[in-house]
Amino acid sequence: MKILVTGGTGYIGSHTLVELVAAGYEAVVIDDLSNSQRESLTRVEEITGAKFPFYGGDVRDKVLLEKIFREHEIDAVIHFAGLKAVGESVTNPLRYYDVNVGSSVALLECMKDAGVRKIVFSSSATVYGDPEELPLRERSRAGVGLANPYGRTKWMIEEILCDLAFSDNSWKIIALRYFNPVGAHESGKIGEEPNGIPNNLFPYLVRVASGRLPKLRVFGGNYDTPDGSGVRDYLHVTDLARGHVSALDHLEKTVGMEIFNLGTGKGTSVLEAIHIFEKATGKKVPYEIAPRRPGDVASCYAEVSLAKEVLGWQATHSLEEACRDMWKFESRLTKNAEN
Ligand code: NAD
Ligand code: UFG
């Protein structure tokens with residue numbers, strides 16, 4: 001089975017390529033390298049021994065997509081490509097609607113023309129907005145009161161996919177709502193390398209631990225949580241990557257569209273996360289309590305039984321393992337920078 005992976009050189013895409021190869025899938029990659037480097041594919045090729053046809057370009061470019069569908073017999077698509085910086089989506093919403101929604105529509109049109117009707121889409125727990133209940137179930141309220149345009153693009157794309165599935169029952173669609181992916185491949189060869197100063201907790205925390213940044217700011221110390229800091233569901237990126245393989249394996253049985261949470265089901269606070277990282281790596285993380293970050297919710301974690309029952313998937317890695325793997329990746333980066 002040959003899978004077109006959009007955004008395949010990115011953080012989750014590159015880890016998913018590793019797991020696709022392990023599961024016997026072939027993959028073709030398209031990425032415009034707007035938030036990743038070609039080199040990550042070389043590293044995936046080192047890890048797996050496989051080679052991936054690579055198309056450097058934009059998923060909104062339908063001529064390029066048509067060429068890919070002509071040149072390869074694609075069975076299904078995993079659509080990771082998109083922009084994900086929440087703050088930037090607030091200052092530049094049109095770019096987010098254009099890239100995220102526009103690329104999805106262009107991709108679906110080309111898939112339709114090419115007779116490819118199976119897709120796994122990267123959605124996000126952000127579609128739940130301020131949680132109506134915890135843990136969050138797939139049936140929990142979604143799409144209401146979303147705090148930013150990024151989240152709205154994810155919700156809009158889910159709605160588009162739902163309409164598409166309703167219009168033509170030959171489509172087989174799975175939207176995966178990721179909670180908070182963290183970690184790196186156990187080899188330390190691939191991991192998360194955000195451009196500029198990271199927004200997300202773990203990429204920032206790791207850089208503080210390695211001395212690249214001076215201090216972590218804990219956004220909010222007075223939430224209604226056990227220790228006052230924000231609670232999230234952090235899952236190892238390898239588990240998340242394997243979730244895509246389980247989704248692909250299940251697609252054949254999918255009728256219309258299905259939605260699954262991918263998380264661990266366990267909430268961890270920012271202060272606990274710091275402690276777990278320090279214990280797992282032996283590194284200190286200087287921090288201070290800072291004001292709340294606008295748009296943040298107090299707690300967000302998944303109910304994960306649906307993915308377990310239907311996809312046969314569950315997270316198996318601990319946050320300690322994720323911390324050790326992130327540290328391995330960071331150590332390689334800082335060593336390479338010194339040489
Ligand atoms: P990433 O930025 O590392 O990967 C996205 C990739 O898509 C990048 O390599 C980028 O260059 C590419 N890309 C962006 N726009 C493109 C376009 N128009 N055409 C071709 N390539 C394009 O991000 P990631 O963390 O790997 O996230 C992958 C997907 O998962 C995204 O859709 C993201 O919104 C979603 N997601 C991520 C998280 C998270 O915390 N990382 C959480 C929920 C959902
Ligand atoms: N945090 C800090 N200091 C930082 C960064 C984050 O205290 O420097 C806190 C946040 O306030 C929050 C927690 O760490 O309590 C996690 O924040 P992240 O930015 O790492 O993650 P979010 O849950 O805010 O959002 C992420 C992605 C979204 C995605 C969502 C759900 O950024 O795109 O997970 O998957 F939608």
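When a ligand or atom number is given, it counts from 1 through the structure's own listing order.
- Linking ILVMFWY residues whenever their side-chain heavy atoms come closer than 4.5 Å, directly or via other members, places Leu240 and Leu251 in the same cluster.
- Judged by distance alone, the side chain of Asn169 and the main-chain N or O of Val255 form no donor-acceptor pair under 3.5 Å.
- Checked by atom type and distance alone, the side chain of Tyr96 pairs as donor or acceptor with a backbone atom of Ala85 at under 3.5 Å.
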Atom pairs and distances, side-chain donor-acceptor, residues 187-194, under 3.5 Å, sequence neighbours left out:
| from | atom 1 | to | atom 2 | distance (Å) |
| --- | --- | --- | --- | --- |
| Ser187 | OG | His185 | ND1 | 2.7 |
| Ser187 | OG | Lys189 | N | 3.1 |
| Lys189 | NZ | Glu46 | OE1 | 3.2 |
| Glu192 | OE2 | Lys84 | NZ | 3.4 |

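- In this structure Phe80 satisfies the ring pair (Phe, Tyr, Trp, His ring centres under 6.0 Å) test together with His244, sequence neighbours excluded.
- At distances below 3.5 Å, at least one donor-acceptor pair connects side-chain atoms of Asp233 with backbone N or O atoms of Thr264.
- Sorted by chain and number, the heavy-atom contacts of ligand 1 below 4.0 Å come from Gly7, Thr9, Gly10, Tyr11, Ile12, Asp31, Asp32, Leu33, Ser34, Asn35, Ser36, Gly57, Asp58, Val59, Phe80, Ala81, Gly82, Lys84, Val99, Ser122, Ser123, Ser124, Tyr150, Lys154, Tyr178, Pro181.
- Asp31 contributes a side-chain N or O that, together with a main-chain N or O of Leu33, makes up a donor-acceptor pair within less than 3.5 Å.
- For ligand 2, residues of the protein lying within 4.0 angstrom by heavy-atom distance are Ser124, Ala125, Thr126, Tyr150, Tyr178, Phe179, Asn180, Asn199, Asn200, Leu201, Leu216, Arg217, Val218, Phe219, Gly230, Arg232, Tyr234, Val270, Arg293, Asp296.
- One distance of note links OG of Ser124 with CG of Asn261; it measures 10.5 Å at 0.5 Å rounding.
- Judged by distance alone, with hydrogens and angles left aside, the side-chain atoms of Ser40 form a donor-acceptor pair with the main-chain N or O of Thr9 at under 3.5 Å.
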